[in-house]
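Data block below; observations after.
None of these values were measured; they are calculated from a predicted model. Sequence lines set the chain letters: A, B, ... in the order given, protein chains first and strands last, and positions in each chain run from 1.
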Number of protein chains: 2
Amino acid sequence: MAKHIQSLERAAAMLRLLAGGERRLGLSDIASALGLAKATAHGILRTLQHEGFVEQDPDSGRYQLGAELLRLGTTYLDVHELRARALVWTDDLARSGGEAVYLGVVHQQGVLIVHHVFRPDDSRQVLEVGAMQPMHSTALGKVLTAFDPVAHAELVDAKREPFTARTLTELPDIERVLERTRAQGYATDMDETWEGVASVAAPIFDRHRLTVGAVGITGAVERMCRDGELRPELVAAVRDTARSVSRDLGAKPF
Amino acid sequence: MAKHIQSLERAAAMLRLLAGGERRLGLSDIASALGLAKATAHGILRTLQHEGFVEQDPDSGRYQLGAELLRLGTTYLDVHELRARALVWTDDLARSGGEAVYLGVVHQQGVLIVHHVFRPDDSRQVLEVGAMQPMHSTALGKVLTAFDPVAHAELVDAKREPFTARTLTELPDIERVLERTRAQGYATDMDETWEGVASVAAPIFDRHRLTVGAVGITGAVERMCRDGELRPELVAAVRDTARSVSRDLGAKPF
DNA sequence: TGCCTTCGTTCGACAATGCTAAACGCTATC
DNA sequence: GATAGCGTTTAGCATTGTCGAACGAAGGCA
(Lines give C-alpha, C1' and ligand atoms only; values in the text may rest on other atoms or scores of the structure.)
Protein backbone atom coordinates (compact mmCIF):
# COMPACT_ATOMS: atom_id res chain seq x y z
CA MET A 1 0.00 0.00 0.00
CA ALA A 2 1.28 3.43 -0.92
CA LYS A 3 2.20 5.81 1.83
CA HIS A 4 0.30 8.73 0.35
CA ILE A 5 -2.78 9.25 -1.78
CA GLN A 6 -1.60 9.48 -5.35
CA SER A 7 -4.20 11.85 -6.73
CA LEU A 8 -3.67 14.26 -3.86
CA GLU A 9 0.09 14.28 -4.32
CA ARG A 10 -0.39 14.98 -8.00
CA ALA A 11 -2.88 17.73 -7.30
CA ALA A 12 -0.45 19.36 -4.87
CA ALA A 13 2.32 19.09 -7.43
CA MET A 14 0.10 20.85 -9.95
CA LEU A 15 -0.63 23.69 -7.57
CA ARG A 16 3.07 24.08 -6.85
CA LEU A 17 3.82 23.98 -10.55
CA LEU A 18 1.25 26.69 -11.21
CA ALA A 19 2.70 28.70 -8.35
CA GLY A 20 6.17 28.41 -9.81
CA GLY A 21 5.62 29.38 -13.43
CA GLU A 22 4.98 33.10 -13.71
CA ARG A 23 2.49 32.80 -16.50
CA ARG A 24 -0.59 30.61 -16.81
CA LEU A 25 0.05 27.06 -17.95
CA GLY A 26 -1.76 24.94 -20.52
CA LEU A 27 -3.01 21.42 -19.87
CA SER A 28 -0.37 19.85 -22.09
CA ASP A 29 2.40 21.73 -20.29
CA ILE A 30 1.14 20.55 -16.93
CA ALA A 31 0.69 16.96 -18.05
CA SER A 32 4.15 16.69 -19.56
CA ALA A 33 5.83 18.54 -16.70
CA LEU A 34 4.48 15.99 -14.23
CA GLY A 35 4.76 13.02 -16.58
CA LEU A 36 1.04 12.35 -16.66
CA ALA A 37 -1.41 11.50 -19.40
CA LYS A 38 -3.37 14.53 -20.52
CA ALA A 39 -6.65 12.96 -19.44
CA THR A 40 -5.30 12.29 -15.96
CA ALA A 41 -4.12 15.83 -15.54
CA HIS A 42 -7.42 17.06 -16.88
CA GLY A 43 -9.43 15.07 -14.34
CA ILE A 44 -7.44 16.46 -11.46
CA LEU A 45 -7.60 20.00 -12.81
CA ARG A 46 -11.34 19.74 -13.34
CA THR A 47 -11.83 18.81 -9.72
CA LEU A 48 -9.43 21.49 -8.49
CA GLN A 49 -11.30 24.01 -10.58
CA HIS A 50 -14.65 22.91 -9.17
CA GLU A 51 -13.28 23.38 -5.66
CA GLY A 52 -11.88 26.82 -6.48
CA PHE A 53 -8.21 25.93 -6.15
CA VAL A 54 -7.58 26.49 -9.83
CA GLU A 55 -9.12 28.82 -12.41
CA GLN A 56 -9.20 28.51 -16.15
CA ASP A 57 -8.88 31.44 -18.50
CA PRO A 58 -11.92 31.19 -20.80
CA ASP A 59 -10.02 32.61 -23.76
CA SER A 60 -6.81 30.62 -23.78
CA GLY A 61 -7.98 27.59 -21.81
CA ARG A 62 -4.91 27.97 -19.64
CA TYR A 63 -4.91 27.29 -15.94
CA GLN A 64 -3.82 29.39 -12.96
CA LEU A 65 -4.22 29.27 -9.20
CA GLY A 66 -7.69 29.85 -7.79
CA ALA A 67 -9.21 32.27 -5.35
CA GLU A 68 -10.00 29.67 -2.71
CA LEU A 69 -6.28 29.43 -2.01
CA LEU A 70 -6.21 33.09 -1.02
CA ARG A 71 -9.18 32.64 1.27
CA LEU A 72 -7.68 29.56 2.95
CA GLY A 73 -4.25 31.15 3.17
CA THR A 74 -5.69 34.13 5.00
CA THR A 75 -7.60 31.82 7.32
CA TYR A 76 -4.31 30.10 8.09
CA LEU A 77 -3.01 33.44 9.34
CA ASP A 78 -6.11 34.00 11.45
CA VAL A 79 -5.62 30.71 13.29
CA HIS A 80 -1.85 31.05 13.58
CA GLU A 81 -1.12 31.26 17.30
CA LEU A 82 2.44 32.54 17.07
CA ARG A 83 1.34 35.34 14.77
CA ALA A 84 -1.55 36.32 17.00
CA ARG A 85 0.72 36.52 20.02
CA ALA A 86 3.38 38.45 18.12
CA LEU A 87 0.99 41.08 16.73
CA VAL A 88 1.04 42.99 20.01
CA TRP A 89 4.80 43.28 20.15
CA THR A 90 5.89 43.78 16.57
CA ASP A 91 4.31 47.22 16.23
CA ASP A 92 6.33 48.46 19.18
CA LEU A 93 9.49 46.99 17.72
CA ALA A 94 8.91 48.69 14.38
CA ARG A 95 8.32 52.02 16.11
CA SER A 96 11.26 51.83 18.49
CA GLY A 97 13.63 50.43 15.89
CA GLY A 98 12.37 52.63 13.07
CA GLU A 99 12.61 49.72 10.64
CA ALA A 100 10.43 47.04 9.04
CA VAL A 101 9.67 44.01 11.20
CA TYR A 102 9.31 40.47 9.91
CA LEU A 103 7.97 37.36 11.62
CA GLY A 104 8.92 34.08 9.96
CA VAL A 105 8.51 30.34 10.34
CA VAL A 106 10.33 27.42 8.75
CA HIS A 107 8.57 26.14 5.66
CA GLN A 108 10.07 23.70 3.19
CA GLN A 109 13.58 24.94 2.43
CA GLY A 110 13.07 28.55 3.41
CA VAL A 111 11.49 31.04 5.76
CA LEU A 112 7.81 31.86 5.27
CA ILE A 113 6.91 35.40 6.32
CA VAL A 114 3.71 35.27 8.40
CA HIS A 115 3.73 38.88 9.59
CA HIS A 116 5.24 42.10 8.32
CA VAL A 117 5.11 45.56 9.87
CA PHE A 118 6.09 48.38 7.56
CA ARG A 119 8.93 50.71 8.39
CA PRO A 120 7.27 53.63 10.17
CA ASP A 121 7.67 56.33 7.57
CA ASP A 122 5.45 57.31 4.67
CA SER A 123 7.38 55.49 1.96
CA ARG A 124 5.53 53.07 -0.27
CA GLN A 125 6.19 49.47 0.77
CA VAL A 126 4.78 46.16 -0.42
CA LEU A 127 3.45 43.63 2.05
CA GLU A 128 5.60 40.52 2.07
CA VAL A 129 3.35 38.25 4.09
CA GLY A 130 3.26 34.87 2.35
CA ALA A 131 6.61 35.39 0.67
CA MET A 132 9.63 33.16 1.19
CA GLN A 133 13.13 34.14 2.25
CA PRO A 134 16.25 32.00 1.88
CA MET A 135 17.52 30.00 4.87
CA HIS A 136 21.24 30.47 4.49
CA SER A 137 21.60 34.22 4.02
CA THR A 138 18.94 36.10 5.96
CA ALA A 139 18.98 36.79 9.68
CA LEU A 140 15.60 35.07 10.10
CA GLY A 141 16.79 32.05 8.17
CA LYS A 142 20.06 31.74 10.04
CA VAL A 143 18.48 32.02 13.45
CA LEU A 144 15.89 29.39 12.56
CA THR A 145 18.54 27.09 11.13
CA ALA A 146 20.64 27.48 14.24
CA PHE A 147 17.86 26.66 16.69
CA ASP A 148 15.50 24.36 14.75
CA PRO A 149 16.93 20.90 13.92
CA VAL A 150 14.35 20.41 11.16
CA ALA A 151 15.44 23.64 9.48
CA HIS A 152 19.07 22.62 9.87
CA ALA A 153 18.42 19.34 8.09
CA GLU A 154 16.67 21.17 5.26
CA LEU A 155 19.61 23.53 4.85
CA VAL A 156 21.98 20.72 3.99
CA ASP A 157 19.79 19.54 1.11
CA ALA A 158 18.88 22.99 -0.16
CA LYS A 159 20.84 24.59 -2.93
CA ARG A 160 22.45 27.66 -1.41
CA GLU A 161 22.34 30.36 -4.00
CA PRO A 162 24.86 33.23 -3.79
CA PHE A 163 22.92 36.51 -3.91
CA THR A 164 25.79 38.93 -3.31
CA ALA A 165 29.56 38.74 -2.98
CA ARG A 166 29.17 38.30 0.78
CA THR A 167 26.71 35.38 0.69
CA LEU A 168 28.06 32.28 2.41
CA THR A 169 27.30 29.15 0.40
CA GLU A 170 29.77 26.59 1.74
CA LEU A 171 28.51 24.40 4.55
CA PRO A 172 31.56 24.73 6.86
CA ASP A 173 31.38 28.53 6.69
CA ILE A 174 27.68 28.47 7.47
CA GLU A 175 28.10 26.00 10.31
CA ARG A 176 30.60 28.34 11.94
CA VAL A 177 28.09 31.18 11.74
CA LEU A 178 25.34 28.99 13.15
CA GLU A 179 27.61 28.05 16.04
CA ARG A 180 28.10 31.70 16.85
CA THR A 181 24.37 32.35 16.41
CA ARG A 182 23.57 29.69 18.99
CA ALA A 183 26.16 31.15 21.36
CA GLN A 184 25.00 34.75 21.15
CA GLY A 185 21.28 34.05 20.74
CA TYR A 186 20.69 36.06 17.58
CA ALA A 187 21.73 36.19 13.93
CA THR A 188 22.59 38.97 11.51
CA ASP A 189 22.71 39.53 7.77
CA MET A 190 24.84 42.30 6.30
CA ASP A 191 24.75 42.54 2.51
CA GLU A 192 24.41 38.76 2.26
CA THR A 193 20.97 38.67 0.66
CA TRP A 194 20.40 42.13 -0.78
CA GLU A 195 23.10 44.72 -1.39
CA GLY A 196 22.91 47.51 1.13
CA VAL A 197 20.41 45.72 3.35
CA ALA A 198 21.09 44.42 6.85
CA SER A 199 18.92 42.51 9.30
CA VAL A 200 18.90 41.08 12.83
CA ALA A 201 16.68 38.29 14.10
CA ALA A 202 16.12 36.32 17.30
CA PRO A 203 14.38 32.98 17.92
CA ILE A 204 10.94 32.49 19.51
CA PHE A 205 10.32 29.46 21.71
CA ASP A 206 7.14 27.72 22.82
CA ARG A 207 6.37 26.12 26.17
CA HIS A 208 8.50 23.09 25.31
CA ARG A 209 11.41 25.37 24.47
CA LEU A 210 11.08 24.37 20.82
CA THR A 211 11.84 27.01 18.21
CA VAL A 212 8.56 27.91 16.52
CA GLY A 213 9.64 31.01 14.62
CA ALA A 214 11.75 34.13 14.62
CA VAL A 215 11.35 37.92 14.63
CA GLY A 216 13.70 40.31 12.96
CA ILE A 217 14.08 43.81 11.62
CA THR A 218 15.44 44.67 8.20
CA GLY A 219 16.69 47.95 6.78
CA ALA A 220 19.40 49.85 4.97
CA VAL A 221 22.91 49.17 6.33
CA GLU A 222 23.48 52.89 6.74
CA ARG A 223 20.69 53.06 9.30
CA MET A 224 21.10 49.63 10.86
CA CYS A 225 24.83 49.65 11.44
CA ARG A 226 27.48 51.86 13.05
CA ASP A 227 31.23 51.34 12.61
CA GLY A 228 30.56 48.23 10.56
CA GLU A 229 28.62 46.58 13.38
CA LEU A 230 24.90 46.28 13.97
CA ARG A 231 23.70 48.89 16.43
CA PRO A 232 23.51 47.18 19.86
CA GLU A 233 20.21 48.87 20.75
CA LEU A 234 18.58 47.29 17.71
CA VAL A 235 19.86 43.86 18.66
CA ALA A 236 18.57 44.36 22.19
CA ALA A 237 15.15 45.49 20.96
CA VAL A 238 14.78 42.47 18.68
CA ARG A 239 15.83 40.06 21.41
CA ASP A 240 13.46 41.69 23.88
CA THR A 241 10.59 41.27 21.43
CA ALA A 242 11.47 37.62 20.83
CA ARG A 243 11.54 37.01 24.57
CA SER A 244 8.20 38.73 25.09
CA VAL A 245 6.51 36.64 22.43
CA SER A 246 8.09 33.48 23.79
CA ARG A 247 6.80 34.29 27.25
CA ASP A 248 3.30 34.84 25.82
CA LEU A 249 3.53 31.39 24.23
CA GLY A 250 4.21 29.86 27.63
CA ALA A 251 8.00 29.54 27.47
CA LYS A 252 9.59 29.72 30.92
CA PRO A 253 12.56 32.11 31.13
CA PHE A 254 14.94 29.33 32.29
CA MET B 1 -17.64 7.41 -14.05
CA ALA B 2 -17.87 10.09 -11.40
CA LYS B 3 -17.59 13.68 -12.48
CA HIS B 4 -14.94 14.57 -9.93
CA ILE B 5 -12.13 12.84 -8.13
CA GLN B 6 -13.48 11.66 -4.82
CA SER B 7 -10.37 11.92 -2.71
CA LEU B 8 -9.71 15.45 -3.92
CA GLU B 9 -13.25 16.57 -3.15
CA ARG B 10 -12.93 15.11 0.32
CA ALA B 11 -9.57 16.77 0.86
CA ALA B 12 -11.03 20.12 -0.20
CA ALA B 13 -13.96 19.62 2.13
CA MET B 14 -11.51 18.98 4.97
CA LEU B 15 -9.61 22.17 4.26
CA ARG B 16 -12.84 24.12 4.19
CA LEU B 17 -13.94 22.47 7.40
CA LEU B 18 -10.66 23.40 9.06
CA ALA B 19 -11.02 26.94 7.75
CA GLY B 20 -14.50 27.20 9.19
CA GLY B 21 -14.01 25.96 12.73
CA GLU B 22 -12.15 28.55 14.76
CA ARG B 23 -10.18 26.05 16.75
CA ARG B 24 -8.12 23.08 15.66
CA LEU B 25 -10.07 19.91 14.95
CA GLY B 26 -9.39 16.30 15.93
CA LEU B 27 -9.38 13.41 13.49
CA SER B 28 -12.60 11.98 14.87
CA ASP B 29 -14.35 15.33 14.53
CA ILE B 30 -13.28 15.63 10.92
CA ALA B 31 -14.22 12.05 10.05
CA SER B 32 -17.68 12.29 11.56
CA ALA B 33 -18.31 15.76 10.15
CA LEU B 34 -17.70 14.49 6.64
CA GLY B 35 -19.22 11.05 7.23
CA LEU B 36 -15.99 9.17 6.59
CA ALA B 37 -14.27 6.26 8.27
CA LYS B 38 -11.51 7.42 10.57
CA ALA B 39 -8.92 5.55 8.54
CA THR B 40 -10.04 7.25 5.33
CA ALA B 41 -9.88 10.69 6.86
CA HIS B 42 -6.51 9.87 8.31
CA GLY B 43 -5.09 8.84 4.96
CA ILE B 44 -6.17 12.09 3.35
CA LEU B 45 -4.92 14.17 6.26
CA ARG B 46 -1.58 12.41 6.24
CA THR B 47 -1.09 13.30 2.60
CA LEU B 48 -2.27 16.86 3.10
CA GLN B 49 0.15 17.17 5.98
CA HIS B 50 3.02 15.84 3.91
CA GLU B 51 2.25 18.43 1.24
CA GLY B 52 2.07 21.24 3.79
CA PHE B 53 -1.62 21.99 3.41
CA VAL B 54 -2.36 20.83 6.93
CA GLU B 55 -0.37 20.86 10.15
CA GLN B 56 -0.76 18.73 13.23
CA ASP B 57 -0.27 20.01 16.74
CA PRO B 58 2.24 17.60 18.30
CA ASP B 59 0.68 17.93 21.76
CA SER B 60 -3.00 17.47 21.08
CA GLY B 61 -2.79 15.62 17.77
CA ARG B 62 -5.30 18.06 16.37
CA TYR B 63 -5.17 19.36 12.83
CA GLN B 64 -5.16 22.90 11.43
CA LEU B 65 -4.47 24.55 8.08
CA GLY B 66 -0.88 24.49 6.83
CA ALA B 67 1.62 27.09 5.75
CA GLU B 68 1.69 26.05 2.11
CA LEU B 69 -1.79 27.52 1.76
CA LEU B 70 -0.47 30.94 2.73
CA ARG B 71 2.36 30.67 0.22
CA LEU B 72 0.04 29.58 -2.61
CA GLY B 73 -2.57 32.16 -1.68
CA THR B 74 0.00 34.92 -1.93
CA THR B 75 1.18 33.56 -5.25
CA TYR B 76 -2.41 33.73 -6.45
CA LEU B 77 -2.31 37.46 -5.77
CA ASP B 78 0.97 37.83 -7.64
CA VAL B 79 -0.47 36.30 -10.79
CA HIS B 80 -3.83 38.05 -10.53
CA GLU B 81 -4.07 40.29 -13.58
CA LEU B 82 -6.96 42.44 -12.41
CA ARG B 83 -5.18 43.15 -9.16
CA ALA B 84 -1.92 44.01 -10.90
CA ARG B 85 -3.67 46.46 -13.19
CA ALA B 86 -5.64 47.99 -10.33
CA LEU B 87 -2.61 48.57 -8.09
CA VAL B 88 -1.67 51.71 -9.99
CA TRP B 89 -5.07 53.34 -9.62
CA THR B 90 -6.26 52.36 -6.16
CA ASP B 91 -3.59 54.37 -4.33
CA ASP B 92 -4.74 57.52 -6.08
CA LEU B 93 -8.35 56.74 -5.23
CA ALA B 94 -7.53 56.28 -1.56
CA ARG B 95 -5.64 59.56 -1.48
CA SER B 96 -8.20 61.63 -3.37
CA GLY B 97 -11.15 60.08 -1.57
CA GLY B 98 -9.49 60.01 1.84
CA GLU B 99 -10.96 56.59 2.54
CA ALA B 100 -10.05 52.90 2.41
CA VAL B 101 -10.20 51.27 -1.02
CA TYR B 102 -11.23 47.67 -1.67
CA LEU B 103 -10.93 45.55 -4.79
CA GLY B 104 -13.13 42.46 -4.86
CA VAL B 105 -14.03 39.52 -7.09
CA VAL B 106 -16.91 37.06 -6.96
CA HIS B 107 -16.02 33.90 -5.08
CA GLN B 108 -18.52 31.27 -3.99
CA GLN B 109 -21.43 33.14 -2.41
CA GLY B 110 -19.58 36.31 -1.52
CA VAL B 111 -16.98 38.89 -2.48
CA LEU B 112 -13.33 38.01 -2.01
CA ILE B 113 -11.14 41.02 -1.26
CA VAL B 114 -8.02 40.82 -3.43
CA HIS B 115 -6.64 44.27 -2.71
CA HIS B 116 -7.03 46.76 0.12
CA VAL B 117 -5.52 50.22 0.45
CA PHE B 118 -5.67 51.70 3.92
CA ARG B 119 -7.41 54.96 4.61
CA PRO B 120 -4.64 57.58 4.34
CA ASP B 121 -4.30 58.58 7.98
CA ASP B 122 -2.17 57.15 10.73
CA SER B 123 -4.88 55.06 12.38
CA ARG B 124 -4.24 51.39 12.95
CA GLN B 125 -6.03 49.26 10.36
CA VAL B 126 -6.01 45.54 9.63
CA LEU B 127 -5.43 44.27 6.14
CA GLU B 128 -8.53 42.56 4.81
CA VAL B 129 -7.05 40.94 1.72
CA GLY B 130 -8.31 37.37 1.56
CA ALA B 131 -11.42 38.14 3.61
CA MET B 132 -14.96 37.68 2.34
CA GLN B 133 -17.78 40.23 2.24
CA PRO B 134 -21.48 39.44 1.80
CA MET B 135 -23.05 39.75 -1.65
CA HIS B 136 -26.38 41.27 -0.73
CA SER B 137 -25.46 44.15 1.56
CA THR B 138 -22.12 45.65 0.54
CA ALA B 139 -21.55 48.03 -2.36
CA LEU B 140 -18.97 45.68 -3.86
CA GLY B 141 -21.35 42.74 -3.57
CA LYS B 142 -24.30 44.57 -5.03
CA VAL B 143 -22.41 45.91 -7.99
CA LEU B 144 -21.01 42.46 -8.76
CA THR B 145 -24.44 40.85 -8.40
CA ALA B 146 -25.95 43.44 -10.70
CA PHE B 147 -23.42 43.00 -13.49
CA ASP B 148 -22.22 39.39 -13.17
CA PRO B 149 -24.84 36.73 -14.01
CA VAL B 150 -22.89 34.08 -12.09
CA ALA B 151 -22.93 36.20 -8.97
CA HIS B 152 -26.62 36.86 -9.44
CA ALA B 153 -27.36 33.16 -9.59
CA GLU B 154 -25.36 32.62 -6.41
CA LEU B 155 -27.28 35.32 -4.61
CA VAL B 156 -30.57 33.51 -5.01
CA ASP B 157 -29.26 30.38 -3.31
CA ALA B 158 -27.30 32.18 -0.60
CA LYS B 159 -28.83 32.81 2.76
CA ARG B 160 -29.09 36.56 3.10
CA GLU B 161 -28.27 37.40 6.68
CA PRO B 162 -29.59 40.68 8.14
CA PHE B 163 -26.64 42.55 9.65
CA THR B 164 -28.38 45.78 10.61
CA ALA B 165 -31.93 47.14 10.58
CA ARG B 166 -31.36 48.49 7.08
CA THR B 167 -30.11 45.25 5.49
CA LEU B 168 -32.31 44.10 2.60
CA THR B 169 -32.89 40.35 2.74
CA GLU B 170 -35.98 39.84 0.57
CA LEU B 171 -35.29 39.04 -3.08
CA PRO B 172 -37.79 41.50 -4.62
CA ASP B 173 -36.29 44.38 -2.63
CA ILE B 174 -32.80 43.41 -3.69
CA GLU B 175 -33.79 42.98 -7.32
CA ARG B 176 -35.12 46.53 -7.35
CA VAL B 177 -31.82 47.82 -6.00
CA LEU B 178 -29.91 45.79 -8.57
CA GLU B 179 -32.04 47.24 -11.32
CA ARG B 180 -31.13 50.72 -10.19
CA THR B 181 -27.49 49.71 -9.85
CA ARG B 182 -27.41 48.56 -13.46
CA ALA B 183 -29.09 51.80 -14.56
CA GLN B 184 -26.78 54.17 -12.72
CA GLY B 185 -23.60 52.10 -13.06
CA TYR B 186 -22.64 51.93 -9.39
CA ALA B 187 -23.92 50.62 -6.06
CA THR B 188 -23.97 51.96 -2.52
CA ASP B 189 -24.24 50.62 1.01
CA MET B 190 -25.38 52.84 3.85
CA ASP B 191 -25.60 51.16 7.25
CA GLU B 192 -26.63 47.91 5.57
CA THR B 193 -23.62 45.83 6.57
CA TRP B 194 -21.99 47.69 9.46
CA GLU B 195 -23.66 50.40 11.52
CA GLY B 196 -22.24 53.80 10.69
CA VAL B 197 -20.33 52.57 7.64
CA ALA B 198 -21.09 53.49 4.04
CA SER B 199 -19.50 52.40 0.77
CA VAL B 200 -19.66 52.99 -2.99
CA ALA B 201 -18.46 50.59 -5.67
CA ALA B 202 -18.32 50.39 -9.46
CA PRO B 203 -17.81 47.42 -11.79
CA ILE B 204 -14.65 46.58 -13.73
CA PHE B 205 -14.93 45.03 -17.19
CA ASP B 206 -12.47 43.06 -19.31
CA ARG B 207 -12.01 43.17 -23.06
CA HIS B 208 -15.15 41.09 -23.59
CA ARG B 209 -17.15 43.53 -21.46
CA LEU B 210 -17.52 40.81 -18.83
CA THR B 211 -17.54 41.89 -15.20
CA VAL B 212 -14.34 40.62 -13.62
CA GLY B 213 -14.43 42.55 -10.34
CA ALA B 214 -15.28 45.79 -8.62
CA VAL B 215 -13.57 48.68 -6.83
CA GLY B 216 -15.08 50.59 -3.98
CA ILE B 217 -14.33 52.86 -1.06
CA THR B 218 -15.63 52.36 2.45
CA GLY B 219 -15.76 54.71 5.42
CA ALA B 220 -17.78 56.31 8.16
CA VAL B 221 -21.16 57.68 6.99
CA GLU B 222 -20.32 61.05 8.51
CA ARG B 223 -17.40 61.45 6.12
CA MET B 224 -18.86 59.62 3.11
CA CYS B 225 -22.28 61.26 2.98
CA ARG B 226 -23.77 64.72 2.94
CA ASP B 227 -27.49 65.43 3.41
CA GLY B 228 -28.19 61.71 3.59
CA GLU B 229 -26.70 61.07 0.16
CA LEU B 230 -23.28 59.82 -0.86
CA ARG B 231 -21.00 62.69 -1.83
CA PRO B 232 -21.09 62.92 -5.65
CA GLU B 233 -17.35 63.54 -5.92
CA LEU B 234 -16.69 60.20 -4.19
CA VAL B 235 -19.00 58.39 -6.58
CA ALA B 236 -17.28 60.06 -9.53
CA ALA B 237 -13.82 59.14 -8.23
CA VAL B 238 -14.77 55.49 -7.76
CA ARG B 239 -16.33 55.29 -11.22
CA ASP B 240 -13.30 56.95 -12.79
CA THR B 241 -11.04 54.41 -11.14
CA ALA B 242 -13.19 51.52 -12.33
CA ARG B 243 -13.11 52.88 -15.87
CA SER B 244 -9.35 53.33 -15.79
CA VAL B 245 -8.77 49.76 -14.66
CA SER B 246 -11.24 48.47 -17.25
CA ARG B 247 -9.40 50.36 -19.97
CA ASP B 248 -6.10 48.86 -18.79
CA LEU B 249 -7.69 45.42 -19.09
CA GLY B 250 -8.54 46.10 -22.72
CA ALA B 251 -12.18 47.11 -22.38
CA LYS B 252 -13.24 49.51 -25.11
CA PRO B 253 -15.13 52.58 -23.83
CA PHE B 254 -18.27 51.76 -25.89
C1' DT C 1 -4.29 4.30 41.78
C1' DG C 2 -6.74 1.67 38.53
C1' DC C 3 -10.39 1.24 35.30
C1' DC C 4 -12.39 2.81 31.24
C1' DT C 5 -13.29 5.70 27.60
C1' DT C 6 -11.56 8.02 23.65
C1' DC C 7 -7.99 9.56 20.98
C1' DG C 8 -4.88 8.98 16.65
C1' DT C 9 -2.96 5.33 14.16
C1' DT C 10 -2.14 0.80 11.66
C1' DC C 11 -3.52 -3.30 9.21
C1' DG C 12 -5.41 -6.26 5.37
C1' DA C 13 -8.90 -7.37 1.92
C1' DC C 14 -12.23 -5.91 -1.31
C1' DA C 15 -14.20 -3.44 -5.18
C1' DA C 16 -14.98 0.89 -6.28
C1' DT C 17 -12.14 4.25 -8.05
C1' DG C 18 -9.15 6.94 -10.74
C1' DC C 19 -5.73 6.02 -14.39
C1' DT C 20 -4.26 5.17 -19.19
C1' DA C 21 -4.48 5.29 -24.26
C1' DA C 22 -6.88 6.57 -28.21
C1' DA C 23 -10.12 9.33 -30.57
C1' DC C 24 -12.87 13.64 -30.59
C1' DG C 25 -14.10 18.54 -31.93
C1' DC C 26 -12.19 22.86 -31.92
C1' DT C 27 -9.37 26.95 -32.77
C1' DA C 28 -5.60 29.16 -34.61
C1' DT C 29 -1.75 29.16 -38.13
C1' DC C 30 0.46 29.23 -42.28
C1' DG D 1 -8.09 25.04 -46.68
C1' DA D 2 -5.05 21.63 -44.82
C1' DT D 3 -2.50 20.95 -40.55
C1' DA D 4 -0.87 20.96 -36.06
C1' DG D 5 -1.89 21.79 -31.65
C1' DC D 6 -5.05 22.63 -28.07
C1' DG D 7 -8.48 21.03 -24.26
C1' DT D 8 -11.89 17.59 -23.78
C1' DT D 9 -14.44 13.15 -23.80
C1' DT D 10 -14.89 8.23 -23.92
C1' DA D 11 -14.41 3.17 -22.45
C1' DG D 12 -12.07 -0.58 -20.07
C1' DC D 13 -8.78 -2.32 -17.03
C1' DA D 14 -6.19 -2.75 -12.79
C1' DT D 15 -4.48 0.05 -9.70
C1' DT D 16 -5.83 2.64 -5.80
C1' DG D 17 -8.19 4.43 -2.14
C1' DT D 18 -11.67 2.95 0.98
C1' DC D 19 -13.57 0.49 4.79
C1' DG D 20 -14.19 -2.15 9.38
C1' DA D 21 -11.79 -3.84 12.98
C1' DA D 22 -8.05 -3.96 16.06
C1' DC D 23 -3.92 -1.48 18.11
C1' DG D 24 -1.24 1.28 21.72
C1' DA D 25 -1.33 5.47 24.18
C1' DA D 26 -3.31 9.30 26.67
C1' DG D 27 -6.68 11.44 29.61
C1' DG D 28 -10.71 11.45 32.77
C1' DC D 29 -13.38 9.72 36.37
C1' DA D 30 -14.11 7.30 40.53
Roughly, in whole Å, what's the span from [atom1] in [X] to [atom2] in [N]?
{"X": "Leu36(B)", "N": "dT17(C)", "atom1": "CG", "atom2": "P", "answer": "12 Å"}
{"X": "Leu27(B)", "N": "dA25(D)", "atom1": "CG", "atom2": "P", "answer": "18 Å"}
{"X": "Ile5(B)", "N": "dG17(D)", "atom1": "CD1", "atom2": "C1'", "answer": "12 Å"}
{"X": "Leu34(B)", "N": "dT18(D)", "atom1": "CG", "atom2": "P", "answer": "12 Å"}
{"X": "Arg46(A)", "N": "dT17(C)", "atom1": "CZ", "atom2": "C1'", "answer": "14 Å"}
{"X": "Ile30(A)", "N": "dC19(C)", "atom1": "CD1", "atom2": "P", "answer": "15 Å"}
{"X": "Ile44(A)", "N": "dG18(C)", "atom1": "CD1", "atom2": "C1'", "answer": "9 Å"}
{"X": "Leu48(B)", "N": "dT9(C)", "atom1": "CG", "atom2": "P", "answer": "13 Å"}

Do other residues, nucleotides or ligands put more than 12 heavy atoms under 6.0 Å from Arg182(A) CZ?
-> yes

Take atom NE2 in His50(A); do more than 12 heavy atoms of anything else shown fall under 6.0 Å from it?
-> no

Under a 4.0 Å heavy-atom cut-off, which of residues 56-64 of chain B touch DNA chain D?
-> none

Could you check which residues of residues 6-19 of chain A get a heavy atom under 4.0 Å from DNA chain D? Sort them by number, please.
-> Gln6(A), Ser7(A)

Sugar-phosphate only, base, or nothing, as touched by Gly43(A) at under 4.0 Å among non-hydrogen atoms = nothing

Between [options], which nucleotide gets closest to the side-chain atoms of [X]?
{"X": "Lys38(B)", "options": "dT18(D), dG8(C), dG7(D)", "result": "dG8(C)"}
{"X": "Ala39(B)", "options": "dG7(D), dA21(D), dT10(D)", "result": "dA21(D)"}
{"X": "Ala37(A)", "options": "dT20(C), dT18(D), dC19(D)", "result": "dT20(C)"}
{"X": "Thr40(A)", "options": "dT20(C), dT18(D), dA21(D)", "result": "dT20(C)"}

Among side-chain atoms of [X] and [Y], is any donor-acceptor pair under 3.5 angstrom?
{"X": "Ser7(B)", "Y": "Ser7(A)", "value": "yes"}
{"X": "Gln56(A)", "Y": "Gln64(A)", "value": "no"}
{"X": "Tyr102(B)", "Y": "Glu128(B)", "value": "yes"}
{"X": "His107(A)", "Y": "Glu154(A)", "value": "no"}
{"X": "Trp89(B)", "Y": "Asp240(B)", "value": "no"}
{"X": "Ser60(B)", "Y": "Asp57(B)", "value": "yes"}
{"X": "Glu55(A)", "Y": "His80(B)", "value": "no"}

Considering the terminal five base pairs at each end of the helix from dT17(C)-dA14(D) to dC30(C)-dG1(D), what angle separates the two local helix axes, rounded to 10°?
-> 10°

Report the relative orientation of the aromatic rings in Phe147(A) and Phe205(A); use parallel for angles under 30°, tilted for 30 to 60°, perpendicular for over 60°.
-> perpendicular

Check the angle between the aromatic planes of His136(B) and Phe163(B) and answer parallel, tilted or perpendicular using the 30° and 60° thresholds.
-> parallel

Establish, with yes or no, whether the OP1 or OP2 oxygen of dT9(C) is under 4.0 angstrom from a side-chain nitrogen or oxygen of His42(B).
-> yes

Starting at the 5' end of DNA chain D, which residue's closest nucleotide do you reach first, Ser28(A) or Ala41(B)?
-> Ser28(A)

Charged N to carboxylate O below 4.0 Å: is that the case for Glu81(B) and Arg24(A)?
-> yes

